[in-house]
Amino acid sequence: MSGLFSALGSLWTWLSTIFDPLCGPVGLFTIFGQNTMLACGDTGWGDELAGGLKITIAVSVLTLPLGIIIGFFVALAQQSEEKSLRLAAGIFTTIFRGLPELLTLFIIYYGMQILLQSLLAKFGYDGPIEINAFAAGMVALAIVFSAYCSEVLLSAFKAIPKGQYEAGDALGFHRARTMRLIIVPQLVRISLPNLGNLWMNLLKDTSYVSIIGLADIIRQTGIAVRATKAPFTFYSIACLFYLTLAVISSIGLFYLDRWAKRAEVHR
């Protein structure tokens, strides 16, 4: 089994190298960055910048579904008939929408270490504990994202007529099936524009993970600036990276929104 995982890891490394848009065989830095500070390999900073872009994309893409799932259940709790659930959901959204993202990141990163050390100390382990920066950054951003996402989804829930739930009951659906087949498709269509805005904010918020040592775009750019004393060049490239991600996201969201509203178009 370990051999299989090793082979899959090698295949993924090979594919990511071949199709790397920056330092691959036909990558931008490979073609246009030769003999410059952007060259790939030991002569330039192309590899480091490409790696930072991959980390930023990975954090964003993995945070998004986690944040939506948490936000969905928080939104359900906010409209629950159980008072304790509504109170807990309200406290959650108030705290994590009120705290700065950077402070939330510090609390998660250092707080998880303290919590794990306390738990392991009860079992006799007194060694140092170091939390993975990628995991901590993803969890922190997901929590903040979910707090805002829950408010978006709550508004979408309120926009769905109660007759839609009654239609599910009339068809003999249980509550989960009504939610899956009737409510969630409408929820996606209604909330998609605002969720798209949250995704754009998430792309920018990933820059905070550089503070805890994760080698994203901002951290790799900062290292390159200190080594080369060329801040304008590298910060301009970082701007291009984020703008490119924003443009690609905008195009994707446009087609996703059109797909979600396809039933309205054909009426």
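Position 1 is the first residue of the sequence; numbering continues from there.
Applying the disulfide (SG to SG under 2.5 Å) definition to pairs two or more places apart or across chains, none involves residues 151-212. Screening residues 242-255 for side-chain hydrogen bond (donor to acceptor under 3.5 Å, both in side chains), with sequence neighbours left out, gives Trp199-Ser249. Within the structure, side-chain hydrogen bond (donor to acceptor under 3.5 Å, both in side chains) contacts touching residues 91-104 (residues at least two apart or in different chains) do not occur.
By the rule that hydrophobic residues join a cluster once side-chain heavy atoms approach within less than 4.5 Å of another member, Leu85 and Met179 end up as members of separate clusters. Placement of Tyr148 and Leu253 within a single hydrophobic cluster is found when ILVMFWY residues are connected by side-chain heavy-atom separations under 4.5 Å, directly or transitively. Connection of Ile95 to Leu102 is established within a shared hydrophobic cluster, with ILVMFWY side chains joined at heavy-atom distances below 4.5 Å, either directly or through further cluster members. When hydrophobic clusters are built by joining Ile, Leu, Val, Met, Phe, Trp and Tyr residues whose side-chain heavy atoms come closer than 4.5 Å, directly or via intermediates, Leu103 is grouped together with Phe92. Following chains of ILVMFWY side-chain contacts shorter than 4.5 Å, one can reach Leu181 starting from Leu153, so the two form part of one hydrophobic cluster.
Separation of atoms OG (Ser155) and CG (Asn194) is listed at 7.5 Å; rounding is to 0.5 Å.
Of the residues listed (Thr63, Thr56, Asp216, Ile217), the one engaging Val209 in a side chain to side chain contact (heavy atoms under 4.5 Å, CB included) is Asp216, and it is the only one. Shown are Glu82, Lys83, Gln78; of these, the side chain to side chain contact (heavy atoms under 4.5 Å, CB included) with Ser80 is made only by Glu82.
Taking all atoms of both residues into account, the shortest heavy-atom contact from Lys204 to Ser207 is O-OG, 2.8 Å. For the residue pair Asp47 and Gly41, the shortest heavy atom distance occurs at OD2-N, 2.6 Å. Here the closest non-hydrogen pair linking Leu195 and Cys149 is CD2-SG, 3.7 Å. A pairwise comparison of heavy atoms in Ala89 and Val74 identifies CB-O, 3.8 Å as the closest pair. Between Thr221 and Ala238 the shortest heavy-atom distance is OG1-CB, 3.8 Å. Of all heavy-atom pairs between Leu187 and Ala156, the closest is CD1-CB, 3.4 Å.
Val225 is not listed as a side-chain neighbour of Lys229, based on a closest heavy-atom distance of 4.5 Å or more.
Using modelled atom types, one side-chain atom of Ser146 and one backbone atom of Ala142 make a donor-acceptor pair closer than 3.5 Å. With Gln34 contributing its side chain and Thr30 its backbone, the two residues share a donor-acceptor pair below 3.5 Å.
In this structure, Phe157 and Phe72 have tilted ring planes: the angle between them lies in the 30° to 60° band.
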- Message: Using the rule given for side-chain contact (heavy atoms from CB on, under 4.5 Å), can you reason through Asn35 versus Thr43, listing the C-alpha separation, both sets of side-chain angles and the distance that settles it, and then say yes or no?
- Response: CA-CA 8 Å; Asn35 302 319; Thr43 59; over 6 Å; no

